[in-house]
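The structure appears below as structure tokens.
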Amino acid sequence: MGNKTMEYKLHNTTNLYLERVRSHKEAYTTEVLGKEIIVYPNVMSPKYDWSPRFHIENMPNQKGKEFLEIGCGSGILALFAAFQGAKRVVAVDINPNAIENTKANFQKYNLKNFNILESDVFEKVEGKFDTINFAAPYHGSKPKDILEYGVSDPEYRALRLFLKNAKSFLKDNGQIVLGFSNTGDLDLLNTLFIENKLYIKNFKEEENNGWKAYLYVLEPIKFHRKKQEYIYDDDYFWFKKYKKEIILGKVLKVGYGLGFASYFIKLFNKDISSLDIVVNPDSLNGNEVKTYDGKTIPFLENVFDIVICTYTLHHAESPEALFEELCRVSKSKVIVVEETYKNFFQKIQLTFFCWFTNRHAGQRVNIIWNSYLSSSRFIGLFKNKNLHIFQAEDVSRRSYLVELLAGREER
Ligand SMILES: C[S@@+](CC[C@H](N)C(=O)[O-])C[C@H]1O[C@@H](n2cnc3c(N)ncnc32)[C@H](O)[C@@H]1O
């Protein structure tokens, strides 16, 4: 998982930052957004880092909220949550100096209803919160001392634990606020969002001094009907198989459905357009899908580098004609995932299962007996267009197959 082709190491601006923080042997103060903040030695310092200011300016207002902060450092973010009127603040850190530092800042401002404790991520946390905040260390390298836990999270262990467990400390309709950076492993971060079924509700970024700070507001994905989570897991299963193809280039996704596959693709490649014949009200980012008549793709020839169509051809009146359209608008690759059969009984089974799954997922789709494809008819689509098949995978589901074929035209 993650984009780990080389050892994780610190960004070049981070070493200078650490040097400055280490130069302090006594407590000192700094001012952020008009408030004086005490900073202890060996604690992450807002004096030398602009990102806490960016984080405070962009995090959702905490008035009346119960706020949990993982990794509080000097306590600056938890303090501003309290200044905004949070009704309860719990702040934890793995660094004992950070705990003393945060307590000193809360006492300085005579704040009430706070609880500050040493904890490895959620280890000592109890209860549920409206907001769970983590300005995460950006790097995955090994920290040399307790201060460096502020910049380095070995192999992103804390980040993984945070994203995996945050949901169980979140109230209904609660939000996760995560600070990260372009200097961290974004491939891993996006993969963790998908695997933990988290949706990016809001995203902000700011660039300064040669690097970008990111702020994500995340919410657990809501599955409104029984089979929607099954579809999510299945879409992710296939996404992992074609992911390497969609990282670069202009992508078209035909058949938006609940929007899960388009959401996954968009995390890795912003240049994606999506089409469907209807917009399902339960879909993720339903405003991003364009509707069309299911026959003529409303784009010119060769506009896209990759065209992807999953579980959709068999809902078209003529899968051949729709496939022809997929090829027309793609200048390079066409990727299709389809349920296919090899005999009559498999066809009955897959047609029933397709109807059943869509019904229980709240997807209103056409069930057209003649549009389900046998395996040979499916492969024939690619052969007839002289597409060189560069990836083929099949997975047995019940007795029929789900196949992925990816083809590129020989030019
Ligand atoms: C990027 S700093 C943010 C500090 C502070 N919130 C700020 O914005 O200035 C990350 C903080 O996470 C803490 N941390 C790292 N790993 C942790 C873990 N496993 N459990 C709890 N806190 C951790 C570090 O000690 C550090 O204080």
Side-chain angles (χ1 to χ4, degrees), residues 1-5 138 156 163 178 180-205 207 211-218 221 231-276 279 283-290 292 297-312 325-337 387 390-391 393 404-409:
M1 201 204 289
N3 190 15
K4 217 183 151 217
T5 46
Y138 305 151
Y156 292 101
L163 292 175
L178 177 74
F180 207 69
S181 158
N182 67 330
T183 59
D185 186 344
L186 295 177
D187 188 277
L188 172 71
L189 184 71
N190 287 323
T191 304
L192 292 173
F193 289 163
I194 299 177
E195 295 198 336
N196 292 297
K197 300 182 181 164
L198 295 170
Y199 168 71
I200 303 175
K201 178 84 195 283
N202 209 336
F203 171 76
K204 292 273 168 46
E205 63 180 304
E207 182 163 7
W211 61 279
K212 288 183 190 171
Y214 293 160
L215 192 80
Y216 297 91
V217 177
L218 306 162
I221 290 179
I231 289 180
Y232 182 99
D233 292 337
D234 192 64
D235 281 351
Y236 182 45
F237 173 86
W238 290 105
F239 170 77
K240 280 186 280 185
K241 297 198 173 284
Y242 61 73
K243 178 186 163 196
K244 61 185 178 307
E245 304 301 335
I246 56 87
I247 307 262
L248 290 175
K250 207 171 161 59
V251 181
L252 175 67
K253 173 75 174 56
V254 178
Y256 190 75
L258 294 162
F260 302 142
S262 291
Y263 174 63
F264 304 155
I265 296 168
K266 197 167 179 189
L267 287 172
F268 297 89
N269 183 347
K270 299 274 171 282
D271 197 356
I272 170 176
S273 309
S274 301
L275 289 179
D276 205 304
V279 182
S283 61
L284 283 186
N285 299 321
N287 56 328
E288 291 182 4
V289 58
K290 187 174 157 117
Y292 80 122
I297 295 186
F299 290 103
L300 296 173
E301 276 90 274
N302 302 332
V303 166
F304 297 96
D305 298 290
I306 308 115
V307 175
I308 304 179
C309 183
T310 60
Y311 293 104
T312 297
E325 279 292 277
L326 305 181
C327 297
R328 182 182 64 76
V329 295
S330 173
K331 64 167 160 284
S332 176
K333 297 173 190 166
V334 178
I335 298 173
V336 184
V337 176
L387 289 175
F390 66 91
Q391 189 181 347
E393 311 252 353
L404 175 147
L405 288 181
R408 178 190 292 119
E409 217 162 339

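What you find for Lys250 and Val303 is that their closest heavy atoms are CD-O, 3.4 Å. Across Phe268 and Thr191, no two heavy atoms sit closer than the pair CZ-OG1, 3.7 Å. Residues Asn269 and Ile246 come closest through the heavy atom pair ND2-O, 2.9 Å. When all heavy atoms are compared, the tightest approach of Asn302 to Ser330 is OD1-O, 3.5 Å. For the residue pair Phe304 and Ser273, the shortest heavy atom distance occurs at CE2-OG, 3.8 Å. The shortest heavy-atom contact between Val251 and Ile308 is CG1-CD1, 4.1 Å.
Around CG of Leu248, the count of heavy atoms belonging to other residues, nucleotides or ligands within 6.0 Å does not exceed 12. Within 6.0 Å of atom NZ in Lys201, 12 or fewer heavy atoms from other residues, nucleotides or ligands are found, so the atom counts as exposed in its surroundings.
Scored by the side chain to side chain donor-acceptor pair (under 3.5 Å) test, Asp233 finds Lys197 as partners (sequence neighbours excluded). In this view, Trp238 and Tyr311 satisfy the side chain to side chain donor-acceptor pair (under 3.5 Å) rule, not counting sequence neighbours. In this structure, the side chain to side chain donor-acceptor pair (under 3.5 Å) partners of Lys241, at least two apart in sequence or on a different chain, are Glu393. Among residues two or more places apart in sequence or in another chain, the side chain to side chain donor-acceptor pair (under 3.5 Å) test is passed with Ser181 by Thr183.
The shortest side-chain heavy-atom distance between Asp305 and Asp271 does not fall under the 4.5 Å cut-off.
For residues 254-270, the salt bridge (Lys or Arg N to Asp or Glu O under 4.0 Å) pairs, not counting sequence neighbours, are Lys266-Glu288.
Aromatic rings from Tyr216 and Phe180 are positioned such that their centres are separated by 6.0 Å or more. The aromatic ring centroids of Tyr232 and Phe239 lie 6.0 Å or more from each other.
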Donor-acceptor contacts under 3.5 Å from residues 253-263 side chains, at least two apart:
residue	atom	partner	partner atom	Å
Lys253	NZ	Gly255	O	2.6
Lys253	NZ	Thr310	OG1	3.0
Tyr256	OH	Leu284	O	2.5
Tyr256	OH	Asn285	O	3.1
Ser262	OG	Ser274	OG	3.0
Tyr263	OH	Leu198	O	2.7
Tyr263	OH	Ile200	N	3.1

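Within the cation-pi definition used here (under 6.0 Å to the ring centroid, within 45° of the axis), Lys333 does not qualify as a partner of Tyr242.
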